[in-house]
Amino acid sequence: MKLFIPYKAFINPKSMEYEVGKFAREQLEKLNVPIIEGRTVLIEGESSIENYVKAKKTIYLTVNKEKKLRHCSPSADYQFSLSSSCPGHCEYCYLQTTQGEKPCMKVFVNIDEILAVIQRHIDENLPNITYFECGSITDPIALEHLTGNLKRCVEFFAKSENGRLKVVTKYDHIDSFLDINHNKHTKFRFSINTKYIINKFEHNTASFEERIKAARKIAQAGYPLGFIIAPIMIYDNWQEDYKELLDKLKSELEGYEEKITFELIQHRFTNTAKELILKRFPKTELDLNEENRQLKWGPYGKFKHVYPRKKSDEIRDYIAQIINENFSNAKIEYFT
Ligand code: SF4
């Protein structure tokens, strides 16, 4: 897919003290992106939908001051951020409820300080291996062309004896990672779904084919590889469509003999998310009918609506079956 070009960029003057900040500014200037210097981001839409759409095209170059990283269960020990928000408009995105009415993209330029915080967390956990997730509040590939920060992280982790990196993306701009030394210390996971779900609900992200092609290139470059199949939804023909997905993955990854991990997440929503989704996507065809769901207590202190036990068991068993039929080297890490 085409690289994301912001329609406006705000720059915190502090970010110009960093090499990456200066580099990012140059990229923005080359792309003719209007630049405004300041410590605040101004987005003025006439409705909440307009605010959302404008915010999703606006970036803010700034500094990440996080010193204590948050835990990141079940996929890693800690999460860190190179950016927040992303240019995608996935209707179900769980970040909708945490990023406010104007989810503009913060792009962090102080990469050496971010890596120093990571190193401290690795040191505190010695002699164990510490796993870091990069992608909990953003899509790190979607904005990589503006900074090159993720590439620096991959190179940092390549040299780290006790640190490992996990990346997750719905984008396909992975060419800058193919020729670098990764030492198998970074695992790329592609968030993938059926063609129907990607086309219907995951606007402004890479297509089904583009993601699978990117996954093949990453596999050929020798990286550890995984897939997050999420959110898994039940709809007419869902079983055929998920089978098509797994068949396609199998044919594209022929010859890749390393372990391939799968993380499986069923579709869920909270009441707050439903309200926001209906405001931002009034014509959404997401199934947000509570009557089709059962309540589950979530780790963030909110009830979420998940599929009833019988249906979620059916999803888990069916997807696990088609994964295992297609891949002898598959490991299903969890279903939730
Ligand atoms: S790409 Fe990921 S982070 Fe971005 S909107 Fe979609 S689900 Fe949310």
Side-chain angles (χ1 to χ4, degrees), residues 1-7 43 48-49 51-60 70 72 75-76 79-108 133-146 149-150 166-174 188-212 214-215 226-233 263-270 272-274 276-281 284-288 298 300 304 336:
M1 73 177 292
K2 280 194 191 146
L3 288 170
F4 164 68
I5 301 179
Y7 103 123
I43 294 167
S48 86
I49 296 183
N51 279 335
Y52 172 73
V53 171
K54 281 189 169 170
K56 281 281 190 169
K57 292 194 279 189
T58 303
I59 68 159
Y60 180 42
R70 273 170 297 156
C72 187
S75 66
Q79 52 178 287
F80 71 94
S81 313
L82 300 175
S83 51
S84 70
S85 189
C86 82
H89 290 210
C90 301
E91 295 185 16
Y92 56 76
C93 177
Y94 71 99
L95 297 177
Q96 305 246 21
T97 51
T98 56
Q99 295 188 327
E101 170 151 330
K102 299 172 184 173
C104 87
M105 282 155 273
K106 286 187 188 160
V107 177
F108 302 123
E133 176 75 70
C134 170
S136 300
I137 61 162
T138 186
D139 190 300
I141 303 280
L143 300 162
E144 171 68 0
H145 56 296
L146 298 176
N149 272 346
L150 185 59
K166 288 177 157 192
V167 175
V168 58
T169 187
K170 282 185 168 70
Y171 288 80
D172 65 335
H173 309 301
I174 42 76
F188 272 88
R189 290 119 82 223
F190 288 86
S191 171
I192 192 82
N193 220 316
T194 64
K195 277 184 193 162
Y196 168 82
I197 291 175
I198 292 176
N199 294 340
K200 195 116 194 137
F201 304 117
E202 299 184 354
H203 318 292
N204 292 356
T205 62
S207 69
F208 177 90
E209 283 81 12
E210 286 167 335
R211 285 184 221 178
I212 294 176
F227 294 95
I228 300 184
I229 306 185
I232 304 172
M233 297 183 196
E263 295 158 72
L264 311 178
I265 305 174
Q266 62 168 303
H267 180 235
R268 76 271 315 279
F269 58 91
T270 60
T272 323
K274 176 175 173 175
L276 208 60
I277 292 168
L278 293 176
K279 229 195 258 173
R280 287 181 176 167
F281 303 96
T284 187
E285 290 181 42
L286 280 173
D287 177 9
L288 300 172
Y300 301 107
K304 49 196 173 184
T336 179

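Numbering of ligands and ligand atoms starts at 1, following listing order.
- For ligand 1 and Gly88, the ligand atoms under 4.0 Å from any heavy atom of the residue are 5 (S).
- Atom numbering of ligand 1 starts at 1 in the shown order; those under 4.0 Å from a heavy atom of Leu95 are 3 (S).
- At a cut-off of 3.5 Å, with distance as the only test, a side-chain donor of Lys170 or Ser191 sits close to an acceptor on the other residue.
- If you number the atoms of ligand 1 from 1 as listed, the ones under 4.0 Å from a heavy atom of Cys86 come out as 1 (S), 3 (S), 4 (Fe), 5 (S).
- At least one N/O/S atom of Cys93, from backbone or side chain, sits under 2.8 Å from atom 8 (Fe) of ligand 1.
- With a 4.0 Å cut-off on non-hydrogen atoms, Cys90 touches ligand 1 through its backbone as well as its side chain.
- Glu101 and Lys279 are not joined by a salt bridge, as no carboxylate oxygen comes within less than 4.0 angstrom of a charged side-chain nitrogen.
- In plain terms, the two heavy atoms of Tyr52 and His89 that are nearest each other are OH-CA, 3.8 Å.
- Per-residue contacts place Lys170 under 4.0 angstrom from the following atoms of ligand 1 (heavy atoms of the residue considered): 1 (S), 7 (S).
- No donor-acceptor pair under 3.5 Å is formed between the side chain of Lys200 and the backbone N or O of Glu285.
- Under the 3.5 Å distance criterion, with hydrogens and angles disregarded, no donor-acceptor pair is assigned to the side chains of Glu210 and Tyr171.
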